[in-house]
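Presented below is the structure to which this report refers.
If you read the sequence from its start, that first residue is 1, and numbering goes on from there.
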Amino acid sequence: MKKTPALIAAAAASTLALTACSTGTSETSASSDASSASLTVATAFYPLQFVAEQVGGDLVSLVSMTPAGVEPHDVELSPATVRQLGTADLALYLSEFQPAVDDAISTTGVEALDAAAVIELHEAEEHDHEEEGEDEHDHGSEDPHFWLDPTLLAAYGDSVGEAFAAADPDNAETYTANAAALHAALDDLDGQFSSGLAQCERDTIVTSHEAFGYLAEAYGLHQEGIAGLDPENEPSPARILELKDIIVETGATTIFTEDAVSASVAEALASDVGVETTVLSPVETVADGDDYIAVMTRNLAALEDALSCE
């Protein structure tokens, strides 16, 4: 269930994050000239950065807590990054997704908008991904990957617009207009997915890890992940055998790998069962010059091809 605009507005206005300093190798980057910006906003990882860029434009100077090309689940923050976070007007993050970010927000006391306060996250699917005797790190937890449903990212963008407007009232109309434009672009992307995936020969996607639950639910697909929510988890032998059966039963032609995570297990499984591999990006990070909509458009093409959609 998606939250109503009123609930989103209330959460955006009232959410303060208070969440122990971490050290590591993370670097920061600013997306615009800080001297001319009205707001300094720290973003925890790429999809939140994309929204901040679109809503804030030149009015916002961004500090990225996850460097480009780095898988965000286990990011660590350098002391310099934590110091910059502490000077931001607002931080955008997703609680319980990046422990180091949660700790740094708590330590600095920076005002922050938690995406989990404005988007209702889903419970993760449960599969036997771990070797016997090991507990899966994310077992029974909520799936954080809401941004893979463009309509949910649009709703989040609305809340960011409201938060920026509250923090910088002089430019409120610009933030509101930018958020509306982003919402329209994401609605258009949603329409492309809905039409592109409306008539397909197959509806099961086999993925490296279970990042695509929101996308699958939005467009009538069924996800089977090799790993669970944590891409570093190793699947059990029983899970590999189960996936082999699923691939045969569904007629799947493709196992989807990712751009920032090792594909070795997926490639070995694909070789065993005689299917292809291709990238389906969870859009947790992007290459320089790329953006969310471009990557999602490539995702749609990959899905249409793999599922033999009309």
Check your understanding: Are the aromatic ring centres of His145 and Phe212 under 6.0 angstrom apart?
Key -> no
Ser64 and Gln49 have their tightest heavy-atom pair at OG-OE1, 3.4 Å
Q.
Between Asp102 and Gln98, do the side chains contain a donor N or O and an acceptor N or O under 3.5 Å apart?
A. no
Residues 292-303 vs side chain to side chain donor-acceptor pair (under 3.5 Å), sequence neighbours excluded, gives Asp290-Arg298
* So do Met65 and Phe45 actually touch side chain to side chain, heavy atoms under 4.5 Å? -> no
Separation between CG (Leu215) and CD1 (Ile205), nearest 0.5 Å, reads 6.0 Å
Practice item. Might you work through the side-chain contact (heavy atoms from CB on, under 4.5 Å) test for Thr254 and Val206, ending with a clear yes or no? Key: CA-CA 7 Å; Thr254 305; Val206 181; over 6 Å; no
Exercise for review: Dump the intermediate steps for side-chain contact (heavy atoms from CB on, under 4.5 Å) on Val70 and Thr285, then the final yes or no.
Suggested key: CA-CA 7 Å; Val70 173; Thr285 183; 5.8 Å; no
Those residues at least two apart in sequence (or on a different chain) that pass ring-ring contact (aromatic ring centres under 6.0 Å, His included) with Phe164 are Tyr175
Nearest heavy-atom approach of Leu48 to Thr43 is O-CG2, 4.0 Å
For Thr277 and Ala266, the nearest pair of non-hydrogen atoms, with its separation, is CG2-O, 4.2 Å
Can you tell me if Asp168 uses its side chain to pair, donor with acceptor, with the backbone of Ser38 under 3.5 Å?
no
For His209, the side chain to side chain donor-acceptor pair (under 3.5 Å) test, sequence neighbours excluded, returns Glu258
Are any of the side-chain heavy atoms of Leu221 and Leu307 separated by less than 4.5 Å?
yes
Asp143 and Glu210 have their tightest heavy-atom pair at OD2-O, 4.1 Å
- Message: When you compare the side chain of Thr253 with that of Glu276, does any pair of heavy atoms fall below 4.5 Å?
- Response: no
- With no hydrogens and no angle check, do the side chains of Thr151 and Asp190 hold a donor and an acceptor under 3.5 Å apart? no
Original post:
Got a donor-acceptor contact below 3.5 angstrom from the Thr108 side chain to the Ala104 backbone?
Top reply: yes
Please evaluate residues Val160 and Leu92 with respect to the criterion side-chain contact (heavy atoms from CB on, under 4.5 Å), reporting the C-alpha separation (whole Å), side-chain torsions for both, the decisive distance (0.1 Å), and the verdict.
CA-CA 8 Å; Val160 170; Leu92 304 181; 4.2 Å; yes
When rounded to the nearest 0.5 Å, the distance separating CD of Glu304 from CG of Leu197 is 6.0 Å
Between Ala218 and Asp149, the two heavy atoms sitting closest are CB-OD2, 3.7 Å
Is the shortest heavy-atom distance from the side chain of Ser61 to the side chain of Val41 under 4.5 Å?
-> no
message: Using a 3.5 Å distance criterion without hydrogens, assess whether the side chain of Thr81 forms a donor-acceptor pair with backbone atoms of Leu77.
response: no
| task | Would you check if Ser141 and Leu229 make a side-chain contact, meaning some heavy-atom pair closer than 4.5 Å? | result | yes
Output for pair (Glu53 CD, Asp58 CG), nearest 0.5 Å, gives 11.0 Å
Check: Tyr46 and Glu284 side chains under 4.5 Å, non-hydrogen atoms:
no
Q. Just by modelled atom types, is the Ser95 backbone N or O under 3.5 Å from a matching donor or acceptor in the Asp114 side chain?
A. yes
Exercise. Report yes if some heavy atom in the side chain of Val118 is under 4.5 Å from a heavy atom in the side chain of Leu113; otherwise report no.
Key: yes
Point to revise | Residue pair Val55, Val60: steps toward the side-chain contact (heavy atoms from CB on, under 4.5 Å) verdict | key: CA-CA 9 Å; Val55 174; Val60 170; over 6 Å; no
All heavy atoms of Thr257 vs all of Ser208, minimum pair found to be CA-OG, 3.2 Å
message: Salt bridge check, Arg239 against Glu234: does any charged N sit closer than 4.0 Å to a carboxylate O?
response: no
d(Leu189 CG, Leu153 CG) to nearest 0.5 Å is 9.5 Å
Q: Using modelled atom types only, decide if a donor and an acceptor are shared between the side chain of Glu71 and the backbone of His73 within a distance under 3.5 Å.
A: yes
Taken to the nearest 0.5 Å, the spacing of Ile247 CD1 from Thr204 OG1 works out to 10.5 Å
Per ring-ring contact (aromatic ring centres under 6.0 Å, His included), Tyr156 is matched among Trp147, Phe146, Tyr93 by Phe146
Do Glu310 and Cys200 touch side chain to side chain, with heavy atoms closer than 4.5 Å?
-> no
> Are Val261 and Val283 in one and the same hydrophobic cluster, where Ile, Leu, Val, Met, Phe, Trp and Tyr link if side-chain heavy atoms are under 4.5 Å apart?
Replying inline: no
Interatomic distance, CG@Asp291 vs CE@Met296, rounded to 0.5 Å, equals 11.5 Å
